[in-house]
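A quick write-up on the structure given underneath.
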Number of protein chains: 4
Amino acid sequence: MPRPVCAIVGAGEGLGRSLAAKFAAEGFDLGLISRSRAGSRAALDAAAAARAKTRVRHYPADATRPASLEQSMQNLVGELGAVDVLIYNVNDGFPRCEPLQMNYDDMEKTFRLEVVGAFAAAKAVLPAMRQRESGSIMFSSATAALRGSADYPLYAIGKFGLRALSQSLAKAYARDGVHIVHVRLDCDLDVPRMRELYGDDYDPALLADPDAVAESYWLLHRQPRAAWSNEVELRPHTENWTC
Amino acid sequence: MPRPVCAIVGAGEGLGRSLAAKFAAEGFDLGLISRSRAGSRAALDAAAAARAKTRVRHYPADATRPASLEQSMQNLVGELGAVDVLIYNVNDGFPRCEPLQMNYDDMEKTFRLEVVGAFAAAKAVLPAMRQRESGSIMFSSATAALRGSADYPLYAIGKFGLRALSQSLAKAYARDGVHIVHVRLDCDLDVPRMRELYGDDYDPALLADPDAVAESYWLLHRQPRAAWSNEVELRPHTENWTC
Amino acid sequence: MPRPVCAIVGAGEGLGRSLAAKFAAEGFDLGLISRSRAGSRAALDAAAAARAKTRVRHYPADATRPASLEQSMQNLVGELGAVDVLIYNVNDGFPRCEPLQMNYDDMEKTFRLEVVGAFAAAKAVLPAMRQRESGSIMFSSATAALRGSADYPLYAIGKFGLRALSQSLAKAYARDGVHIVHVRLDCDLDVPRMRELYGDDYDPALLADPDAVAESYWLLHRQPRAAWSNEVELRPHTENWTC
Amino acid sequence: MPRPVCAIVGAGEGLGRSLAAKFAAEGFDLGLISRSRAGSRAALDAAAAARAKTRVRHYPADATRPASLEQSMQNLVGELGAVDVLIYNVNDGFPRCEPLQMNYDDMEKTFRLEVVGAFAAAKAVLPAMRQRESGSIMFSSATAALRGSADYPLYAIGKFGLRALSQSLAKAYARDGVHIVHVRLDCDLDVPRMRELYGDDYDPALLADPDAVAESYWLLHRQPRAAWSNEVELRPHTENWTC
């Protein structure tokens with residue numbers, strides 16, 4: 001009997017790694033997509049370590065180019081089989097600037113990464129999920145999806161768009177049995193990039209453990225379809241939340 | 001080794017019954033609170049049937065009278081032990097009226113049922129949960145908590161207040177390890193009362209299965225504290241949602 | 001020709017005073033309601049100073065007792081005539097406490113002040129406004145209406161309820177030509193109470209000028225009914241806003 | 001003494017025409033931007049008719065090409081002077097499709113029209129407004145900015161992004177005295193395009209009068225900066241609103 005398949009777009013050393021390990025441990029075969037195999041090394045290793053029999057494969061793609069993503073998703077499905085869980089988890093490194101410093105190219109690049117790429121990935125699996133009347137699509141997002149920012153306007157513009165896409169897909173295709181979720185991470189994650197950004201202020205007690213976040217993604221996937229959440233916030237118990 | 005304890009305030013024949021059965025099946029002892037033992041008969045039976053060794057007890061209380069609720073909670077803790085999961089799940093029957101037809105007494109009664117009672121129940125378990133740094137408190141709510149209504153103003157006023165309470169408790173006590181969740185049911189439930197209200201329009205495919213809803217409450221309780229949701233919506237995959 | 005009538009419930013020395021002066025200056029007769037004439041002294045004087053011919057009267061009432069408020073509103077209408085603009089602007093002084101320190105009586109008192117009183121005042125003018133197909137009802141509220149608080153839970157519970165009431169009234173009676181608005185002040189006001197609370201940190205540049213806020217209430221009243229706002233936020237240009 | 005200047009991007013025969021007439025009537029010189037002079041004919045005529053002495057000029061631009069928009073804005077400022085009010089009011093005709101029918105090019109085109117173009121227009125006037133510490137920028141938006149849609153996903157994706165941009169600009173530059181507003185039209189407008197779409201179902205009583213909407217834009221511009229709204233909803237009194 002074939003194992004279920006989980007595809008993760010944006011499988012780096014942070015949350016992607018934890019998600020890969022979790023779904024491998026739960027018996028899934030894993031298709032990991034990122035720009036380079038080197039960037040997914042930690043995720044590939046973690047998935048392989050989580051469960052010996054799991055098939056773990058890497059497919060290179062540039063998520064800002066939908067044709068590239070489509071091709072990788074097609075290769076993934078061809079080799080591993082139909083996707084049961086798709087997690088879109090890309091990350092553009094939180095560029096900081098005041099709004100007037102944005103340039104048009106960066107705006108479009110952010111939009112392609114956060115929205116067009118998310119749509120391209122979803123499009124590659126949705127028709128089969130609708131036919132089988134099952135499957136989960138989870139978009140990793142952030143509180144930036146709910147409010148603009150004087151310091152991170154690009155991030156807000158991208159995440160607002162991603163949320164609009166996620167809601168639209170859920171409203172259209174939930175009735176066909178596909179579980180589509182916008183996962184708002186209302187926190188910073190305790191991952192290599194964040195440790196670097198925080199520097200001397202790094203305090204693991206204030207950051208979310210990515211393994212715990214991956215566990216909550218897993219619980220979302222397990223919700224029965226008669227009681228689904230489509231927009232979920234996740235935060236560590238230490239977070240001071242404002243909205 | 002003692003079993004964990006789940007207290008359900010508002011344990012009738014609908015969602016309360018499903019929650020009782022689910023938490024019993026997961027190994028909890030159950031304390032069910034409602035106005036009368038007869039009203040909780042279905043829930044008591046379902047919990048007992050779910051698992052033979054479970055202790056299932058009923059404690060009568062009027063949730064609109066905080067002293068009555070405090071006394072019952074105290075009796076419950078005295079007999080079953082410290083509460084691990086509290087679910088506040090009361091229901092006032094959706095009185096329909098236009099806003100100008102509300103009377104002051106009904107407004108205050110709704111407030112006592114939805115907000116003061118929820119606080120009284122939470123107050124009875126929170127200090128011990130904070131001390132043990134663990135525990136879940138889940139408030140059954142509805143989309144009415146997010147928007148007023150020309151037809152059900154009392155329900156909206158009550159649920160808005162309940163949401164304010166839930167957020168305030170979560171913001172104050174999450175850091176002590178207590179998981180507090182406002183569960184917005186964005187749907188009608190397939191329960192006896194609803195079958196009656198719908199009459200000839202009754203269609204189970206459009207209503208949420210209360211057993212599935214109880215399953216999603218259980219998954220919420222299982223979230224690790226580094227990745228908690230504090231406001232969750234639940235809806236069946238067939239629901240047309242608007243916000 | 002009779003002048004239009006503005007009734008202000010909660011007409012103290014802060015925003016109430018500015019509202020009284022503004023609507024007097026625009027040609028309204030003023031009915032000011034508060035617990036004592038002394039408490040409305042500043043508002044009475046400001047209204048009288050704004051325009052010589054304005055009738056300005058005080059009606060005592062305890063807004064936590066709907067019968068008291070109904071009686072005062074009735075006296076006001078009897079003397080000044082039908083109300084064109086009702087502003088519910090009460091204030092309970094922002095009691096600070098952690099949620100577990102709330103007591104049931106304070107919860108009910110807050111609810112009566114913020115929600116039941118607002119309803120009693122609206123009920124006293126709505127039928128006549130619906131009949132004339134004109135009139136504005138504005139509820140002074142705050143960002144606390146949108147999010148709970150670890151420090152001011154009572155305030156949040158009251159304002160959430162007020163918002164539910166305001167939305168419900170607007171959804172039911174806008175079609176009859178009555179403009180009902182929840183005005184969220186996303187700021188602290190530069191009023192005597194706040195100067196006291198801030199103490200050495202007092203900085204007028206960071207607080208909202210109550211005369212400017214009153215001006216924006218006036219502009220809301222002037223919106224044509226084919227393009228109404230029902231939920232409005234007001235903040236000074238210096239405010240750092242989060243939601 | 002020079003008259004104030006209002007620039008309207010997207011000045012067609014609907015709301016653009018009403019805005020042009022309103023601001024002309026209030027004494028503004030008008031710079032109208034649209035793809036072709038013919039498309040702005042109604043707006044040009046309405047502005048000229050509203051007030052004889054007003055200067056009304058048309059500047060052609062394709063709002064999906066930021067360089068084109070920048071050039072037109074530059075010409076406008078060169079001829080008419082610094083802009084006091086900018087209204088971004090473009091419209092892409094509400095293309096209807098289910099989410100899976102979207103194509104990547106349309107997604108990017110919508111993004112360029114709704115977000116990049118809005119930014120390009122704002123960027124052309126913001127530095128001077130910040131220097132003068134005055135000016136208003138109003139973005140015409142819709143309830144689609146707050147929720148996804150199974151039927152109009154492109155529209156939602158564009159308007160969500162526009163709202164993120166508007167909030168980000170307001171949070172960054174309000175402190176410099178620039179009033180930035182996201183105007184959510186929670187209704188259909190009684191304009192030629194809508195009359196056509198509704199066909200036999202056309203009922204002016206259920207649509208918003210664009211002249212009234214323009215009046216409410218004008219009132220927003222008049223808010224004092226100590227009591228600004230940054231996100232405003234406008235709906236006719238007959239609208240059944242849901243969020």
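By convention in this document, chain letters (A, B, ...) are assigned in the order of the sequence lines, proteins followed by strands, and residues within each chain are numbered from 1.
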*For L162(A), is it the side chain, the backbone, both or neither that has a heavy atom under 4.5 Å from a heavy atom of chain D?*
neither

*Y152(D) versus chain A, heavy atoms under 4.5 Å apart: side chain, backbone, both or neither?*
neither

_For chain D, the option from A164(A), A156(A), A145(A) that forms the most heavy-atom pairs under 4.5 Å_ = A164(A)

_Heavy-atom pairs under 4.5 Å with chain A: which of P99(D), A150(D), P66(D), G158(D) has the most?_
P99(D)

*Pick whichever of M107(A), R147(A), R163(A) has the most heavy-atom pairs under 4.5 Å with chain D.*
M107(A)

*asked:* Return the CH2 to CG distance between W228(A) and L220(A), rounded to the nearest 0.5 Å.
replied: 12.0 Å

*Could you tell me the separation between the CG atom of L15(D) and the CD1 atom of I8(D), rounded to the nearest 0.5 Å?*
8.0 Å

*Are side-chain N/O atoms of R235(D) and T143(D) paired as donor and acceptor at under 3.5 Å?*
no

*Between A122(D) and chain A, which part of the residue has a heavy atom less than 4.5 Å away: side chain, backbone, both or neither?*
neither

*Go through the atoms of E70(D) and report whether side chain, backbone, both or neither lie under 4.5 Å from a heavy atom of chain A.*
side chain

*Any idea which of A120(A), G161(A), S149(A) has the most non-hydrogen atom pairs under 4.5 angstrom with chain D?*
S149(A)

*Does E79(D) CD have over 12 foreign heavy atoms under 6.0 Å away?*
yes

*asked:* What part of R112(D) gets within 4.5 angstrom of chain A, counting heavy atoms only: side chain, backbone, both, or neither?
replied: side chain

_I'd like to know if E114(D) pairs up with K159(D) as an ion pair, taking the criterion as any Lys NZ or Arg NE/NH1/NH2 lying under 4.0 Å from an Asp or Glu carboxylate oxygen._
yes

_Top contributor to chain A interface from L100(D), I157(D), V116(D) [non-hydrogen pairs under 4.5 Å]_ = L100(D)

_Donor-acceptor pair between Y217(A) and S140(A) side chains, under 3.5 angstrom_ = yes

*Yes or no on side-chain contact (heavy atoms from CB on, under 4.5 Å) for V83(A) and M129(A), after CA distance, side-chain angles and deciding distance?*
CA-CA 8 Å; V83(A) 171; M129(A) 288 181 171; 4.2 Å; yes

